[in-house]
Amino acid sequence: MSEIYPTGQMDPFIRTALDRAEIVRDLYRRVSKVERPEGWLPISIVCPACGRVGTTLARDWDGATVAFECLPNYVTWAAGCGTAGRITPFGGAAKLPWNLEWAAQWSLLGVTIEPCGKDLATAGGSRDRSDALAREVFDREPPRNLAYEFLNIGGRKMSTSKGRGAAAHEIVEVVPPEQLRLLFLRPRPNQAIEFDPDGTDAIPRIFDEFDRLAGAAAGAEVKGELPADADRIFRYALLDSAADVAAEAGRYRPAFSHLALLAQIPGTDVAARVAAEKGSALTDEERAILGLRLAAVRGWLDAYAPERARIEIQRDGLPAEAAALGEDQRAWLGAFARAAEAGPPSSGDGWQALIFEVASAAALPAGRAFGALYVAFLGRTNGPRAGWLLASLEQTFVVERLRAAAGWRHHPDGEPGGTGNSGGPGKPGGPDTHDTAEAAR
RNA sequence: GGGCCCGUAGCUCAACGGUAGAGCGGGGGACUCUUAAUCCCUAGGUUCAGAGUUCGAAUCUCUGCGGGCUCACCA
């Protein structure tokens with residue numbers, strides 16, 4: 001705005017404001033209960049000597065010039081230089097006070113609608129003053145207003161003692177532009193946006209919602225209900241709202257939570273995995289999307305993710321959750337330990353194949369086999385692709401842990417547990433497993 | 001003290017006058033290389049409370065309670 005003053009375009013409004021200074025004064029008093037001194041003029045002179053704006057006081061408008069003085073003690077935050085004199089307040093020599101400038105802009109630019117934040121829209125606030133100024137000083141209906149709400153970051157202050165606050169620049173690091181736009185577009189404008197990324201799945205969720213809208217825009221069937229304006233919301237969430245929506249919507253976007261897993265497995269070529277899951281090579285655009293998401297994922301895991309999103313190899317010992325393992329799973333783990341020791345696979349694929357192979361031989365459903373592995377190594381019933389997880393660990397640790405998990409026994413009544421009902425068709429395992437069990441105790 | 005927004009299933013929200021819904025989570029099930037994936041089933045919430053308007057209210061009005069934000073000047 002400040003570059004408009006020198007062009008002279010604001011001059012007519014400055015003149016009007018000065019001519020109607022009494023109306024402005026009265027209006028401030030009426031609308032906002034702000035009392036201006038007698039003879040006050042709605043103008044801020046730019047001191048020709050020191051260039052300060054806030055330190056000057058103007059009076060005595062004669063239709064061509066005003067008297068001004070740059071006062072040392074007018075405001076507390078700056079000291080004027082003491083210059084005084086008369087000046088023509090046009091062409092950049094002076095500025096209008098905020099509320100008048102706002103109202104003048106509406107006339108200058110022909111604004112018909114201008115939403116504003118609720119801090120300005122409060123009763124007797126800036127918006128009320130500018131509206132009244134437009135009507136009474138510039139003889140114009142103010143533009144249509146629409147007060148919008150704020151974005152709250154989980155009720156947290158901007159900077160927390162832990163340094164994991166929610167300053168804008170920090171959020172931007174974890175939420176890429178298009179997802180951030182979606183965050184603002186989705187709720188109604190008069191509704192405050194509660195965004196609490198800390199320890200929640202708020203960030204993954206906004207990615208998922210974005211992907212869901214993309215899916216819908218691409219014509220795919222998506223789960224759940226869609227908002228009435230789903231296609232428009234998606235279009236305007238895009239950085240370039242003139243972009244080819246269908247093309248954008250059709251791009252392959254790996255799910256955030258899935259990437260969060262892949263990113264936590266050491267030695268994984270995430271791009272290769274994602275391409276394999278897509279079924280074809282990634283396009284340049286998709287590579288860019290992946291890069292952005294991976295950065296977001298890492299930032300999220302680093303600063304915001306809840307504990308349950310972090311996977312961690314339980315190095316210290318067999319997780320307590322292993323108590324819940326079934327007999328069939330223990331037997332399988334024992335067999336798998338032997339197979340792994342006899343012929344350790346060298347790759348994630350190899351491990352993955354071995355898991356299925358041994359599970360098949362033991363007639364154990366794959367789901368239970370995988371579940372047993374996750375419990376043994378992560379202390380949870382699910383996790384990232386087990387083959388690659390095992391491939392990232394040392395051979396001896398893997399075998400050792402498998403044996404320990406196979407031998408863990410709840411053992412409430414002293415019954416050794418070798419009831420034989422786990423043998424079944426699965427030859428491998430049986431006796432060895434039980435021996436291991438005894439040894440482990 | 002004034003203004004605005006919100007209070008609906010564990011969580012995030014949708015329905016904005018016409019039989020309370022979705023996603024996620026939770027629970028159950030399926031799946032021999034998909035394994036926080038995918039698919040199927042399931043949850044039963046006095047819609048903050050009270051009063052009013054209406055044939056009918058989560059939805060409109062009023063009051064109360066609770067939560068959040070905002071309000072000199074300057075820009």
>> Both A/Arg205 and A/His258 contact RNA chain B. Which one's nearest nucleotide lies toward the 5' end?
In response: A/Arg205
>> What is the distance, to the nearest angstrom, from the CG atom on A/Leu259 to the P atom on B/rU35?
In response: 14 Å
> In whole angstroms, how far is the P atom of B/rG21 from the CG atom of A/Leu226?
Replying inline: 18 Å
> Taking the P atom of each, how far is B/rU70 from B/rC60, in whole Å?
Replying inline: 26 Å
> When rounded to the nearest Å, what value does the distance between C1' atoms of B/rG27 and B/rC65 take?
Replying inline: 35 Å
>> Distance alone, cut at 3.5 Å: any donor-acceptor contact between the side chains of A/Ser126 and A/Trp102?
In response: no
> Counting N and O atoms only, with roles assigned by atom type, does the side chain of A/Ser44 sit under 3.5 Å from a partner on the main chain of A/Leu96, one being a donor and the other an acceptor?
Replying inline: no
>> Counting distance alone, no hydrogens or angles: does the base of B/rC5 have a donor or acceptor under 3.5 Å from a partner atom on the side chain of A/Lys118?
In response: no
>> Looking at B/rC69, which nucleotide sits across from it as a Watson-Crick or G-U wobble partner, both distances under 3.5 angstrom, or is there none?
In response: B/rG3
> Would you find a donor on one side and an acceptor on the other, under 3.5 Å apart, between the side chain of A/Arg403 and the backbone of A/Gly334?
Replying inline: no
>> Would you say the rings of A/Trp300 and A/Phe256 are close, in the sense that their centroids are separated by under 6.0 Å?
In response: yes
>> Can you check the distance between B/rC40 and B/rG23, where both ends of the measurement are the P atom (answer in whole Å)?
In response: 10 Å
> Could you give the CD1-to-C1' distance, from A/Ile206 to B/rC24, as a whole number of Å?
Replying inline: 14 Å
> Within this structure, what is the CZ-to-P distance between A/Arg368 and B/rA30, rounded to whole angstrom?
Replying inline: 10 Å
> According to the Watson-Crick and G-U wobble definitions, with both distances under 3.5 Å, which nucleotide is paired to B/rU38?
Replying inline: B/rA30
> Does the ring centre of A/Phe336 sit less than 6.0 Å away from the ring centre of A/Trp332?
Replying inline: yes
> Does a donor on one side chain sit under 3.5 Å from an acceptor on the other, for A/Glu101 and A/Tyr5?
Replying inline: yes
>> Give me the distance, rounded to whole Å, that separates B/rC24 from B/rU19 when you measure between the P atoms they each carry.
In response: 25 Å
>> Please confirm whether the ring centroid of A/Phe184 lies under 6.0 Å from the ring centroid of A/Tyr236.
In response: no
What does the list of N/O pairs under 3.5 Å between the protein and nucleotides 71-75 of chain B look like, with a distance for each?
from	atom 1	to	atom 2	distance (Å)
B/rC73	OP2	A/Arg129	NH2	3.2
B/rC74	OP1	A/Arg36	NH2	3.1
B/rA75	OP2	A/Trp98	N	3.2
B/rA75	N6	A/Trp98	NE1	2.6
B/rA75	N6	A/Ser126	OG	3.2

>> Need to verify one output field. Residue with the more 5' nearest nucleotide on RNA chain B, A/Pro187 or A/Ser360?
In response: A/Pro187
> So, is A/Gln352 near the phosphate of B/rU35, with a side-chain N or O under 4.0 Å from OP1 or OP2?
Replying inline: yes
> For A/Asp208, which contact category applies under a 4.0 Å heavy-atom criterion: base, sugar-phosphate, or nothing?
Replying inline: nothing
>> Using whole Å, what does the distance between atom C1' of nucleotide B/rA14 and atom CG of A/Asp229 come to?
In response: 13 Å
> With rounding to whole Å, what would you report as the distance between B/rC13 and B/rC5 at their C1' atoms?
Replying inline: 16 Å
>> Between B/rA14 and B/rA72, how many Å separate the two P atoms, rounded to a whole number?
In response: 30 Å
> If the P atom of B/rU32 is compared with that of B/rC16, how far apart are they to the nearest Å?
Replying inline: 44 Å
> To the nearest Å, how far apart are A/Asp201 CG and B/rU12 C1'?
Replying inline: 8 Å
>> If I pick the P atom on B/rG26 and the same atom on B/rA37, what distance separates them, to the nearest angstrom?
In response: 10 Å
> Once you round it to whole Å, what is the distance between C1' of B/rC33 and CZ of A/Phe336?
Replying inline: 13 Å
> Judged by atom type as modelled, is there a donor-acceptor pair below 3.5 Å linking the side chain of A/Arg20 to the main-chain atoms of A/Val137?
Replying inline: yes
> Does A/Glu394 reach the side chain of A/Val398, with side-chain heavy atoms less than 4.5 Å apart?
Replying inline: no
> Rounding to a whole Å, what distance do you find between A/Tyr148:OH and B/rC4:C1'?
Replying inline: 14 Å
>> Strictly by Watson-Crick or wobble contacts shorter than 3.5 Å, is anything paired with B/rU53, and which nucleotide is it?
In response: none
